Amino acid sequence: MADEWQEAYEFAVEVARKAGMVIKQEIDKEMKVLTKSSTVDLVTKTDERVEKIIIGSLKTKFGEKAHKFIGEESTEKGCELTDAPTWIIDPVDGTTNFVHGFPFVAVSIAFAVKKELEFGVVYSCLEDKMYRARNGKGAFCNDEPISVSDVKDITKSIIISEHGTDRTPAKVEKIFSTMQKILCIPVHGLRGSGTAATNMCLVATGAVEAFFEIGIHCWDVAAGAVIVREAGGIVLDVSGGPFDLMSRRMLSANHEDIAKRIIKEIEVFEVPRDDGVKHLQQPSSF
Ligand SMILES: O=P(O)(O)OC(CO)CO
Ligand SMILES: [Mg+2]
């Protein structure tokens with residue numbers, strides 16, 4: 001088949017837009033906020049409702065059994081990425097932002113075949129920015145081609161990292177220590193939008209040079225990974241080794257020079273993998 005997944009790609013954009021409309025309608029309403037892995041890991045009825053809308057639309061279009069689904073709100077005990085065509089979905093990336101009305105909230109939809117990411121769609125719905133990319137076909141924001149920054153000197157860069165939702169003091173200390181070391185290189189600035197998917201799109205548009213985080217999940221970064229790569233950037237493990245979607249560790253950058261410099265400063269800490277696999281050694285390529 002010449003272009004087997006183009007229809008799925010186009011449909012994913014449609015579904016992400018529909019999901020974003022629901023988020024926009026619900027952000028100003030009274031909402032009940034529940035918690036998940038910690039008291040600061042928030043979830044609302046909108047997260048669940050939007051995920052049902054996305055998965056329901058995809059099943060109606062492609063059939064109940066044709067594809068597999070990994071969704072933030074419907075994957076209870078770890079997630080397994082198989083060779084089957086698989087959708088990886090974060091219905092509301094930036095739930096804390098959504099709860100507080102902080103204006104960066106994204107729908108993230110990725111599609112993998114034989115464990116390789118085929119395309120990714122990130123709809124930053126409050127900004128009305130539709131980011132999308134498909135392997136070998138370029139990355140776009142609202143249909144305009146996007147590309148990463150050409151800055152290779154870390155002292156001329158802006159870097160994004162986030163604090164995560166684990167408030168164990170030892171982990172918070174490592175996160176802040178890493179940020180302090182990077183800030184004092186020095187870089188022009190440190191930022192964070194509160195959504196990993198949007199952060200990756202900011203790397204892809206050249207607004208920042210890199211984004212890294214330990215503790216994110218596969219649904220936060222799967223779509224963004226395709227978008228960064230297609231915009232000319234790189235996506236790696238935080239050690240410099242190959243990116244592993246299930247590892248909960250990710251560094252995306254415009255250029256190897258920026259990535260290498262950041263890796264020198266990252267204080268790595270252990271997090272359980274998304275697929276429940278006990279321990280995998282992360283080989284470093286730098
Ligand atoms: O808001 P969510 O979907 O919990 O995701 C967070 C990271 O886990 C922001 O990317
Ligand atoms: Mg998320």
Side-chain angles (χ1 to χ4, degrees), residues 16 19-20 22-24 26-27 31-55 69-76 78-79 87-110 117 120-127 129 131 159-168 171-172 175 191-204 208 210-228 235 238 245-252 269 271-274:
V22 176
I23 294 170
K24 280 201 256 192
E26 299 202 349
I27 196 163
M31 56 181 94
K32 190 172 174 191
V33 182
L34 302 171
T35 59
K36 297 193 290 187
S37 64
S38 78
T39 56
V40 298
D41 185 7
L42 312 182
V43 65
T44 69
K45 288 278 170 225
T46 304
D47 297 61
E48 288 163 21
R49 185 168 163 228
V50 173
E51 184 159 314
K52 279 194 185 125
I53 291 171
I54 296 171
I55 294 180
F69 297 88
I70 294 173
E72 175 168 9
E73 310 310 334
S74 49
T75 307
E76 278 165 16
C79 26
W87 296 88
I88 304 160
I89 298 154
D90 190 341
V92 181
D93 189 46
T95 302
T96 306
N97 290 353
F98 173 72
V99 167
H100 289 264
F102 191 81
F104 299 96
V105 179
V107 179
S108 177
I109 303 177
L117 291 165
V121 175
V122 171
Y123 183 40
S124 180
C125 59
L126 304 179
E127 306 177 279
K129 287 187 176 169
Y131 297 95
I159 307 299
I160 292 183
S161 193
E162 299 276 355
H163 308 112
T165 51
D166 185 339
R167 297 293 190 267
T168 312
K171 285 189 182 163
V172 173
I175 290 168
R191 299 286 185 272
S193 73
T195 117
T198 302
N199 289 339
M200 294 186 83
C201 294
L202 291 170
V203 175
V208 302
F211 162 51
F212 68 92
E213 192 170 350
I214 299 172
I216 36 78
H217 294 278
C218 57
W219 46 77
D220 298 313
V221 294
V226 189
I227 295 168
V228 169
V235 183
V238 291
L245 185 59
M246 293 294 153
S247 69
R248 303 186 59 204
R249 300 151 48 119
M250 189 282 311
L251 165 67
S252 48
F269 53 88
V271 284
R273 292 172 55 86
D274 273 335

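All values derive from a computational prediction rather than experimental measurement. Just so you know, these numbers use all the heavy atoms, side chains as well, and skip hydrogens, waters and symmetry mates. Remember, it's 1-based here, ligands and their atoms both numbered in the order they're listed. Throughout, numbering of the chain's residues begins at 1 and tracks the sequence.
Of all N, O or S atoms in Asp220, the one lying closest to the Mg ion (ligand 2) is OD1. For Asp93, the N/O/S atom at the shortest distance from the Mg ion (ligand 2) is named OD1. Closest N/O/S atom of Asp90 to the Mg ion (ligand 2): OD2.
When heavy-atom distances to ligand 1 are checked against a 4.0 Å cut-off, Asp90 comes that close only through its side chain, counted from C-beta outward.
Of the protein's non-hydrogen atoms, Asp220 OD2, 3.3 Å is the one closest to atom 8 (O) of ligand 1. Of the protein's non-hydrogen atoms, the one nearest atom 4 (O) of ligand 1 is Glu72 OE2, 3.4 Å. The closest protein non-hydrogen atom to atom 10 (O) of ligand 1 is Asp93 OD1, 2.7 Å.
No donor-acceptor pair under 3.5 Å is formed between the side chain of Asn199 and the backbone N or O of Phe211. The main-chain N or O of Ala197 is found under 3.5 Å from a side-chain atom of Asp93 such that the two form a donor-acceptor pair. Proximity of a side-chain donor or acceptor of Arg248 to a complementary backbone N or O of Pro272 within less than 3.5 Å is detected. At distances below 3.5 Å, not a single donor-acceptor pair connects side-chain atoms of Arg249 with backbone N or O atoms of Met246. A donor-acceptor pair under 3.5 Å is formed between the side chain of Lys24 and the backbone N or O of Cys125. Remark: the backbone N or O of Trp219 is not paired with any side-chain donor or acceptor of Glu72 at under 3.5 angstrom. Ser38 places a side-chain N or O within 3.5 Å of a backbone atom of Thr165 that can act as its donor or acceptor partner.
Look at Val92 and you'll find a heavy atom under 4.0 Å from some atom of ligand 1. In this structure, Gly164 has no heavy atom closer than 4.0 Å to ligand 1.
Distances below 4.0 Å separate heavy atoms of Gly194 from the following atoms of ligand 1: 9 (C). Applying the 4.0 Å criterion to heavy atoms of Thr95 picks out, from ligand 1, the atoms 1 (O). Atoms of ligand 1 lying under 4.0 Å from any heavy atom of Ala196, numbered from 1 in the order shown and given with element: 9 (C), 10 (O). Near Gly94, meaning under 4.0 Å from one of its heavy atoms, ligand 1 places the atoms 1 (O), 2 (P), 3 (O).
We find that Glu73 and Lys36 are joined by a salt bridge, their nearest charged nitrogen and carboxylate oxygen being less than 4.0 Å apart.
No more than 12 heavy atoms of other residues, nucleotides or ligands sit less than 6.0 Å from atom NZ of Lys52.
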